[in-house]
Amino acid sequence: MATNDTDATQCEYVTYAPAGQTCPACNRPINELEPCRRGAVERASGAPVVVYRHAERCPA
């Protein structure tokens, strides 16, 4: 089964990202106290990678 950005199983929960994280959807930094969604990206050659995305809409 293929996953995409609309797949709800990709988002584990809303949290705060560690310092220095960048949203992979918009390539902008996530501020220190900005709520974000934590998820994982599957890799063919190893364990999934944790990613953080803006919780609401990505800044324009």
Side-chain angles (χ1 to χ4, degrees):
M1 181 172 153
T3 59
N4 60 34
D5 287 336
T6 60
D7 184 1
T9 61
Q10 284 187 323
C11 178
E12 294 176 5
Y13 50 84
V14 175
T15 186
Y16 297 100
Q21 295 294 314
T22 301
C23 176
C26 67
N27 292 320
R28 293 183 184 254
I30 298 174
N31 295 327
E32 193 172 312
L33 295 176
E34 181 178 5
C36 61
R37 295 180 295 153
R38 181 186 189 273
V41 175
E42 296 290 330
R43 296 188 306 174
S45 64
V49 175
V50 174
V51 294
Y52 296 91
R53 295 184 172 132
H54 291 105
E56 299 298 322
R57 300 180 81 184
C58 290

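Being a predicted model, the structure only gives us computed values, none of them experimental.
Residue Arg43 places its CZ atom among more than 12 non-hydrogen atoms of other residues, nucleotides or ligands, all under 6.0 Å distant.
Under the side-chain contact (heavy atoms from CB on, under 4.5 Å) criterion, Val50 pairs with Arg38, Tyr52, not counting sequence neighbours. Residues that satisfy the side-chain contact (heavy atoms from CB on, under 4.5 Å) test with Glu56, not counting sequence neighbours, are absent from this structure.
You'll find the side chain of His54 stays beyond 4.5 Å of the side chain of Cys36, heavy atoms only.
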Side chains of residues 14-27: which donor-acceptor partners sit under 3.5 Å, not counting sequence neighbours?
none

